[in-house]
**Student:** 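One structure, pasted below without further comment.
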Amino acid sequence: MASRSSDLFAAAQRRIPGGVNSPVRAFRHVEAEPFFVERAQGAKVWDVDGNEYIDYVGSWGPAILGHAPSVTINAVCEAAARGLSFGIPNPLEVEMAELLCKWMPAIEKVRMVNSGTEATMSCLRLARAFTGRDKIIKFDGCYHGHVDALLVKTGSGALTHRRPDSAGVPQAFVDLTISLPFNNAELVRAAFRQNKNEIAAVLLEPIPANAGLYFPRQDFLAILREECTKQGALLIFDEVMTGFRVARGGAQEIYGVAPDLSALGKVIGGGLPVGAFGGKAEIMDQLSPDGPVYQAGTLSGNPLAMAAGLAQLRELERINGWKLLEKLGAQFEKVARDAISEARIDVTLHRIGSMFCLFFASEPIVDLSGAQRSDLKMFAKFFHACLKRGVYFAPSQFETGFISTAHTPEDIERTGAVMREALASL
Ligand code: HOZ
């Protein structure tokens, strides 16, 4: 059907590979074309054809206060008036570092970067330098950005588009990456035994959120902590999605497990391009200019990004955002469970705080193979039935939904009614 979105997408496809600047936006998994956004405010987005949606993607995580919150906009405008980028240290970088170290006490020193990908990539280099080892353990379905060594059995867009192992990654890199099923501690122990003194790090999303959303089994994270310490490997948590979202101190606060290094992004940038990585001082001190590990960035610690992130994080604390998000999340869970039980379809709903996923599969789902049992055709139908009724969920079974503090109880009630109709229509 002719629309401004489809005209724009046709033009985009002529000049941008696949018409998108990141594959998760392409809507191919749901056999459709993306809509183009005119503007977004609070919990809503409006497309260029005038359609309004209640948005549960939230820019894939950063928009925890909803879109365009005035505190963040004001902070960015004030910072912009003082200059867009200096490439010289600015005071906001220090404020951000202090805040991240305070809220995530396992971080003693932190460096700002521009994306989650840069953060995980830098963690790996640091872990390899610190341990003098090359191999790493990751988990099937966990996604850590498009770092060469981590595009092995990965999640998110790569999984969605059925290419979890990317072309263009040298086999020599892949050979250094051991990818294991999540939640299987025995296989981790076996990998350590088989690769004695060769594993530099175990890297994971403590709450995997890139193959749908599932949770670590009781003690899984504590066992990883213990094994890493015993074997002289570093434990790295990728909290790009969960950091400052599931709790003030992220998943590491909830599960009470302190990693050696953490990778951060999304929420800490308030919607601007930001990542960060940090951890124990003795490890972080290996970074240039103090140490031998090189890592750099023209725009790292950019004043606008720091201002946006600081404003968002402080506002979250001021309004006790995590408590509000839990309340909204619980309401979402209730309306969703009501809709699911009425429809009598095999749907497994997972939620923690403001993150959720509806799998079109029966329980239990504790790893990638469980997530892959989902009925993808059913998911696509559900997605379109919701979109048509003004509710926008991520266009892939293998992504996670996000609630913001800007979602109102009425938005969530309305979403429940839409889900009920959508599930009944399948
Ligand atoms: N990391 C995001 C959630 N899976 C996706 C963002 C993207 O790849 O564009």
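Both ligands and their constituent atoms are indexed starting at 1 by order of listing.
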**Student:** Pick from Val147, Leu150, Val240: which one makes a side chain to side chain contact (heavy atoms under 4.5 Å, CB included) with Thr117?
**Tutor:** Val147
**Student:** Any side-chain to backbone donor/acceptor pair from Glu108 onto Ala281? Under 3.5 Å, distance only.
**Tutor:** yes
**Student:** Of all the non-hydrogen atoms in the protein, which one sits nearest to atom 5 (C) of ligand 1, and at what distance?
**Tutor:** Ser156 OG, 3.8 Å
**Student:** Give me the nearest non-hydrogen protein atom to atom 2 (C) of ligand 1 as residue plus atom name, then the distance to 0.1 Å.
**Tutor:** Lys266 NZ, 3.2 Å
**Student:** Give the atoms of ligand 1, by number and element, whose distance to some non-hydrogen atom of Asn210 is under 4.0 Å.
**Tutor:** 3 (C), 4 (N)
**Student:** If the plane angle is over 60° it's perpendicular, under 30° parallel, otherwise tilted; pick one for Tyr56 and His407.
**Tutor:** parallel
**Student:** In terms of residue, atom name and distance, what is the protein heavy atom nearest to atom 6 (C) of ligand 1?
**Tutor:** Val24 CG2, 4.0 Å
**Student:** Glu52 and Trp46: side-chain donor and acceptor closer than 3.5 Å?
**Tutor:** yes
**Student:** Of all the atoms in ligand 1, which lie at a distance below 4.0 Å from a heavy atom belonging to Ser22?
**Tutor:** 7 (C), 8 (O), 9 (O)
**Student:** Indicate whether the side chain of Ser6 and that of Glu33 have a donor and an acceptor atom separated by less than 3.5 Å.
**Tutor:** no
**Student:** Tell me which protein heavy atom sits closest to atom 3 (C) of ligand 1, plus the residue, atom name and distance to 0.1 Å.
**Tutor:** Glu399 OE1, 3.3 Å
